[in-house]
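As the structure is a prediction and not an experimental result, all values here were calculated from the model. Basis for what follows: all heavy atoms, side chains included, without hydrogens, waters or symmetry-related copies.
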Amino acid sequence: MKDAEKTIGAIADKQSISFIGSIDAEGFPNIKAMLQPRKREGIQTFYFTTNTSSRRVAQYLKDNHACIYFCDKRFFRGVMLRGTMEVLTDNASKEMIWQDGDTMYYPEGVTDPDYCVLRFTAISGRYYSNFKSEDFIISDCRNR
């Protein structure tokens, strides 16, 4: 992979569905399909919306180890990013990614107590394409 940030960023931006992983109370991985991230900063930080009352939020509050996965089924390639997930409930974070129509999910608007932001921060990843996989460190991608 010549330019990890460009390649992975393009995959993430073009997928309508992403997958997030968490660890449950018994130590097992849990995967959930999500809409694409609302915002990303390079390939290190991704922002998602979710319900504060969700099982995933409870899991991240107990163990913040996480992963996210993007799959480009057209070209049969994908990327898994490993890192941590933070649950943000401050107004600035919530307003940052709020979109028109979100009241369908959060009827009380941007201040709805059941609306929160998940901020994923990647430390490393694994990219699959052309029948091979490649591991990479996120800090290495930023220094190229």
Side-chain angles (χ1 to χ4, degrees), residues 1-75 77-129 133-144:
M1 179 171 40
K2 292 180 183 177
D3 186 337
E5 189 150 351
K6 183 177 179 182
T7 301
I8 294 162
I11 292 172
D13 291 345
K14 292 178 182 173
Q15 309 315 309
S16 59
I17 301 293
S18 57
F19 300 88
I20 63 172
S22 59
I23 306 297
D24 69 17
E26 296 175 355
F28 288 96
N30 288 211
I31 301 298
K32 178 180 179 178
M34 299 280 285
L35 295 173
Q36 68 181 177
R38 287 284 175 91
K39 178 182 177 181
R40 73 175 177 89
E41 297 164 357
I43 59 170
Q44 184 170 35
T45 308
F46 296 79
Y47 296 87
F48 299 87
T49 63
T50 197
N51 296 87
T52 309
S53 61
S54 72
R55 177 178 294 186
R56 213 67 56 215
V57 165
Q59 290 172 343
Y60 290 130
L61 289 172
K62 188 169 184 175
D63 184 342
N64 71 348
H65 289 93
C67 68
I68 60 176
Y69 192 85
F70 301 99
C71 178
D72 179 352
K73 65 182 182 181
R74 181 176 176 207
F75 295 106
R77 60 187 181 156
V79 63
M80 188 238 351
L81 299 172
R82 296 174 51 228
T84 57
M85 191 76 80
E86 295 171 83
V87 177
L88 307 176
T89 57
D90 62 285
N91 286 338
S93 297
K94 291 166 71 169
E95 289 172 5
M96 175 181 63
I97 65 170
W98 183 263
Q99 292 180 354
D100 289 339
D102 281 350
T103 51
M104 179 168 65
Y105 307 104
Y106 314 106
E108 295 178 40
V110 73
T111 59
D112 192 319
D114 199 36
Y115 165 56
C116 70
V117 174
L118 296 177
R119 178 172 57 199
F120 176 80
T121 303
I123 57 171
S124 64
R126 186 165 178 88
Y127 173 69
Y128 175 84
S129 180
S133 295
E134 179 180 346
D135 293 317
F136 57 92
I137 303 296
I138 297 297
S139 62
D140 292 345
C141 299
R142 292 188 320 213
N143 295 328
R144 288 185 183 174

message: Would Leu118 and Val87 count as a side-chain contact (heavy atoms from CB on, under 4.5 Å) here? Give the steps.
response: CA-CA 5 Å; Leu118 296 177; Val87 177; 3.9 Å; yes

- request: Verify salt bridge (charged side-chain N to carboxylate O under 4.0 Å, His left out) between Arg40 and Asp13, making sure each step is shown before the conclusion.
  value: CA-CA 9 Å; Arg40 73 175 177 89; Asp13 291 345; 2.7 Å; yes

message: Using side-chain contact (heavy atoms from CB on, under 4.5 Å), reason through Ile23 and Gln59 one step at a time and then give a plain yes or no.
response: CA-CA 6 Å; Ile23 306 297; Gln59 290 172 343; over 6 Å; no

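Thr84 contributes atom OG1, which lies 9.0 Å from atom CZ of Arg119 (distance to the nearest 0.5 angstrom). Here the SG atom belonging to Cys116 is positioned 8.0 Å from the CG atom belonging to Leu61, to the nearest 0.5 angstrom. Here the CG atom belonging to Asp102 is positioned 10.5 Å from the CG atom belonging to Asp112, to the nearest 0.5 angstrom. Here NZ of Lys94 is found 6.0 Å from OG1 of Thr52. Values are rounded to the nearest 0.5 Å. Atom CE of Met96 and atom CG of Asp90 lie 8.0 Å apart (nearest 0.5 Å). Taking CD of Glu108 as the reference point, atom CG of Asp114 lies at 9.0 Å (rounded to 0.5 Å).
The list of ring-ring contact (aromatic ring centres under 6.0 Å, His included) pairs with a residue in residues 25-47, not counting sequence neighbours, reads Phe46-Phe70. Residue pairs meeting the ring-ring contact (aromatic ring centres under 6.0 Å, His included) criterion with at least one member in residues 92-121, sequence neighbours excluded: Trp98-Tyr115, Tyr106-Tyr115. The side chain to side chain donor-acceptor pair (under 3.5 Å) pairs that include a residue from residues 61-71 are Asp63-His65, where partners are two or more places apart or lie in different chains.
Taking all atoms of both residues into account, the shortest heavy-atom contact from Ile138 to Leu81 is CD1-CD2, 4.0 Å. Here the shortest heavy-atom pairing between Arg126 and Asp135 reads NH1-OD1, 2.8 Å. For Ile68 against Met85, the heavy-atom pair with the smallest separation is CG2-CE, 4.3 Å. The shortest heavy-atom contact between Met34 and Thr49 is CE-O, 3.4 Å. The nearest pair of heavy atoms linking Ile31 to Gly21 is CD1-CA, 3.7 Å. Looking at every heavy atom in both residues, Ser93 comes nearest to Leu88 through OG-CD1, 3.5 Å.
Looking at Lys32, its side chain never comes within 3.5 Å of a backbone N or O of Ser22 through a donor-acceptor pair. Side-chain N or O atoms of Glu134 include none that pairs as donor or acceptor with a backbone N or O of Tyr127 at under 3.5 Å.
Contact check on Asp24 versus Arg55 returns no salt bridge, with no Lys/Arg side-chain nitrogen under 4.0 Å from an Asp/Glu carboxylate oxygen.
With a 4.5 Å cut-off on side-chain heavy atoms, Tyr60 and Thr50 do not count as touching.
A 6.0 Å sphere centred on CZ of Arg77 holds more than 12 heavy atoms belonging to other residues, nucleotides or ligands.
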